[in-house]
Amino acid sequence: MKLFYHLYGYLLLGMIVMIGIAEFLSFQAEVEQYETDMITNAVQDGRAISGMIAHTWKESGETKALELIRDASEAGTINIKWVWPHILINEFGGPLASKEQLQKTLEGKIVSFKMVQEDGSFLRYTYVPVDVGENHKGALELSQTLLSLQVFSTKMVVRAFTVTTLLCLVCGLILYWFIDRKIRLPLSRLTAHAKQIGQGDFCANTTIVGNDELAVMARSMNDMCSRLLIAKEKIKFEYDARLKTLDQLRHTERLSSFGVLSAEIAHELGTPLNVVDGRAKMIINEGLQKSEILDCSTIIRNQVERMTFIIRQLLDFTRLPKQQTSSDNIAFLTKQVFQLLSPMARKQRVSFFLHKEIDTEIQLKGDFAQLQQVLVNLLMNAIQAMPEGGAVNVRLSNEMIATTSQENRVRKKHLKIQIHDDGEGICKENLDQIFTPFFTTKNIGTGTGLGLSIAHGIIEQHNGWIDIESKISQGACFTIYLPMEE
C-alpha cells in the first residue's frame with residue numbers, strides 16, 4: 001500500500017492547508033463580527049442610559065445621576081462609570097491613536113477602542129457623550145473585557161481541529177477502500193501475471209472487471225500473451241529449422257573435409273592392399289609350408305585390421321553425429337585427429353606435436369564429435385598453410401579467466417588449446433573476416449569457406465571462444481578457450 005501512503009500524505013497535506021485557510025478566514029470574520037456586536041451593544045446601552053442620566057442630572061442632581069450609573073453597572077455585564085473627557089484626555093497615558101479618538105467625545109461623537117491592561121488582558125472602552133448642561137461635557141465610559149473573545153477563539157480553534165481530524169479520517173478510510181479495491185488488488189493480479197510472463201508462462205488468465213485503465217491494461221496483457229504464444233511457437237519452429245540446417249551444414253563441411261582426405265586415405269590403403277595381394281599370391285602359387293602359410297595369414301590379418309581401422313575412422317568422421325554431451329580426455333581426442341590426418345600430413349611433410357603443461361586438467365565435458373570437427377578443421381587449415389612442410393604444435397594448458405555472471409565477476413578455470421603452424425600467416429585485412437561464412441583465401445575447389453565459421457559456432461555453443469594471432473612469415477596461432485566442468 002505504498003501508493004496509498006504517498007497519495008494520502010499529499011491529500012492530507014492539501015486538506016490541512018485548505019481547511020486551515022478556510023478556518024483562518026472564517027475565524028477572522030467571526031472575530032470581527034464579534035467585536036462589532038460588542039461595540040453595537042455598548043453603543044446601544046450607552047445611548048439608552050445617557051438620556052436617562054441627562055434627565056436625572058438636570059432634575060435630581062449629580063449625586064442621583066451617579067448613583068443611577070452605579071446601579072446600571074452592577075445590574076449589567078458592562079462596567080459603566082462617569083468621566084469628564086477634558087480631564088481624562090489630560091491624564092490619558094494610552095496610545096496616541098486612542099487619545100486622538102478620545103478627543104472626539106468633546107465634539108459629541110461616540111468612540112470605541114481597545115487597550116491592553118497591566119496584567120496583559122484587553123479591554124474595550126466605549127465613550128458616549130452626555131449633555132448635562134455644565135461648562136464641560138461629560139461622558140459615559142463603558143468597558144468590556146475581551147476574555148469572552150479569547151474563549152470564543154479557543155472554541156473556533158478546537159472546532160477547526162475537530163473538523164480537520166474527522167475529515168482526514170473519513171477521507172483516509174474512503175481512499176484506503178478505493179485504492180485497496182480498485183488499484184491494489186488489480187495491480188497485484190497484473191504483477192503476478194507479469195511475473196508469469198517473465199517465467200515463460202504466456203497463459204492469458206488475468207481478468208479485471210470494469211472499463212478503467214487497469215482493466216484496459218489487463219486486456220492488453222492478455223492480447224500480448226496471445227501474440228507471444230504465437231511468436232513463441234514461430235520462434236521454436238524457426239529455431240528447430242535453424243538447428244537442423246546448422247547440423248546439415250556442419251555435416252556438409254565434414255563431407256567436404258572427407259573429400260579432401262579421400263585421396264590421401266586411398267593412398268594410405270594402397271600399401272596394405274599390396275601386402276595382402278602379395279601374400280595371397282604366395283599362398284596360392286608357391287606351395288608354402290604350413291608354418292609359412294600361417295605367417296602369411298597373420299600378416300594378411302594385420303593389414304586387414306589396419307585397413308579396417310582406417311576406414312572406420314573415416315566413416316566415423318563422415319557419419320552425422322548425434323548431439324550428446326560426455327566427459328572425455330581432450331588429449332586422447334587430439335591424438336585421434338592426428339591419426340586421421342596423418343596421411344595428408346605425411347604427404348605435405350608436416351609433423352604434429354602435442355604438448356601438455358604439468359598438472360594440466362584435460363578432462364573436459366562437451367560434445368566430442370563436434371570438438372573433433374573443430375580440431376580437424378583447424379589442423380587441416382594448418383597443413384594446407386604449409387605447402388613446403390613444417391610443424392604443427394598443439395599445446396594444452398589451464399588458465400584462470402575472469403567471467404561475468406548474473407551475480408558478480410568470478411574467475412573460472414578454462415582449458416586452453418593452442419594450435420600453431422609454421423605457415424605464411426594470415427594478412428591483417430583478412431583477420432577480421434576469418435570467421436565469416438563462405439570467406440576463404442584458398443584456391444577454388446580446396447575449400448568451402450565454412451570450416452572456421454562452423455568451428456567458431458561450435459566453440460560458442462560450448463560457452464567458449466577462439467582467438468587468433470598471426471604474423472606474416474611466422475605462422476598463425478589459433479587459441480581455443482573452453483570452460484572446465486565445475
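Note that the structure is a prediction, hence the values are computed from the model and not measured.
Lys236 and Asp240 are joined by a salt bridge, as a carboxylate oxygen and a charged side-chain nitrogen come within less than 4.0 angstrom of each other.
Counting heavy atoms from C-beta on, the side chains of Tyr481 and Ile401 come closer than 4.5 Å. Looking at heavy atoms from C-beta onward, Leu482 lies out of side-chain contact with Trp465 at the 4.5 angstrom threshold. The side-chain heavy atoms of Phe478 and Ile466, taken from C-beta on, include a pair separated by under 4.5 Å. Thr479 places none of its side-chain heavy atoms less than 4.5 Å from the side chain of Ile417. Contact of the Leu354 side chain with the Lys335 side chain is registered, since non-hydrogen atoms from C-beta on lie closer than 4.5 Å. Between His414 and Pro483, the closest side-chain pair of non-hydrogen atoms falls below 4.5 Å. Here the side chains of Leu396 and Glu357 are not in contact, with every heavy-atom distance at 4.5 Å or above. Using a 4.5 Å heavy-atom cutoff, the side chains of Gln363 and Asn329 are in contact.
Met380 CE to Gln348 CD: the interatomic distance, rounded to the nearest 0.5 Å, is 10.5 Å. Rounding to the nearest 0.5 angstrom, the gap separating the CG atom in Leu379 from the CG atom in Leu340 is 10.0 Å. Taken to the nearest 0.5 Å, the CG atom of Leu364 stands 9.5 Å off from the CG atom of Leu333. For the atom pair CD of Glu32 and CG of Asp37, the computed distance is 12.0 Å after rounding to the nearest 0.5 Å.
For the salt bridge (Lys or Arg N to Asp or Glu O under 4.0 Å) test, no residue two or more places apart in sequence or in another chain qualifies with Arg301. Arg124 is linked by a salt bridge (Lys or Arg N to Asp or Glu O under 4.0 Å) to Glu35, counting only residues two or more places apart in sequence or in another chain. Applying the salt bridge (Lys or Arg N to Asp or Glu O under 4.0 Å) criterion to Asp359, with sequence neighbours excluded, gives no partner residue. Under the rule for a salt bridge (Lys or Arg N to Asp or Glu O under 4.0 Å), Lys234 has no partner lying at least two apart in sequence or in another chain.
Closest approach of Met38 to Thr145, counting heavy atoms only: CE-O, 3.9 Å. Nearest heavy atoms, His420 versus Cys477: CD2-CB, 3.5 Å. A pairwise comparison of heavy atoms in Thr360 and Ser397 identifies CG2-CA, 3.5 Å as the closest pair. Here the closest heavy-atom approach between residue Gln144 and residue Ala42 is recorded as OE1-CB, 3.5 Å.
For Glu469, the CD atom sits in a loose shell: 12 or fewer heavy atoms of surrounding residues, nucleotides or ligands are nearer than 6.0 Å. Atom CE of Met224 has more than 12 heavy atoms from other residues, nucleotides or ligands within 6.0 Å. Around NZ of Lys356, the count of heavy atoms belonging to other residues, nucleotides or ligands within 6.0 Å exceeds 12. Heavy atoms of other residues, nucleotides or ligands lying less than 6.0 angstrom from CD of Glu238 number more than 12.
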Inset, instruction - Step by step, work out the side chain to side chain contact (heavy atoms under 4.5 Å, CB included) result for Phe332 and Ile362. - result: CA-CA 9 Å; Phe332 178 74; Ile362 56 177; over 6 Å; no

Legend entry - From CA spacing to verdict: side chain to side chain contact (heavy atoms under 4.5 Å, CB included), Phe338, Val394: CA-CA 10 Å; Phe338 284 175; Val394 179; 3.8 Å; yes

Inset, instruction - May I have the step-by-step check of side chain to side chain contact (heavy atoms under 4.5 Å, CB included) for Gln384 and Asn381, ending in yes or no? - result: CA-CA 5 Å; Gln384 294 171 351; Asn381 287 342; 4.1 Å; yes

Inset, instruction - Output, in order, the C-alpha distance, side-chain angles, deciding distance and verdict of side chain to side chain contact (heavy atoms under 4.5 Å, CB included) for Gln370 and Gln461. - result: CA-CA 10 Å; Gln370 293 186 355; Gln461 282 186 350; 3.5 Å; yes

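Here the side chain of Asn398 pairs a donor or acceptor atom with the backbone of Glu361 at under 3.5 angstrom. A donor-acceptor contact shorter than 3.5 Å links the side chain of Asp421 to the backbone of Ala476. His462 places a side-chain N or O within 3.5 Å of a backbone atom of Asp367 that can act as its donor or acceptor partner. The closest donor-acceptor contact from the side chain of Ser26 to the backbone of Ala22 lies at 3.5 Å or more, if one exists at all.
A salt bridge (charged side-chain N to carboxylate O under 4.0 Å, His left out) check over residues 394-403, counting only residues at least two apart or in different chains, returns the pairs Glu399-Lys416.
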Identify each donor-acceptor pair in which a side-chain atom of residues 160-170 lies under 3.5 Å from a protein atom, sequence neighbours left out, and give them as a table.
| from | atom 1 | to | atom 2 | distance (Å) |
| --- | --- | --- | --- | --- |
| Thr162 | OG1 | Val158 | O | 2.8 |
| Thr164 | OG1 | Ala160 | O | 2.7 |
| Thr165 | OG1 | Phe161 | O | 2.8 |

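Of the residues listed (Asp467, Ile458, Ile459), the one engaging Ile480 in a side-chain contact (heavy atoms from CB on, under 4.5 Å) is Ile459, and it is the only one. Considering Leu341, Ile383, Asp422 as possible partners of Val350, the one that fulfils the side-chain contact (heavy atoms from CB on, under 4.5 Å) test is Ile383.
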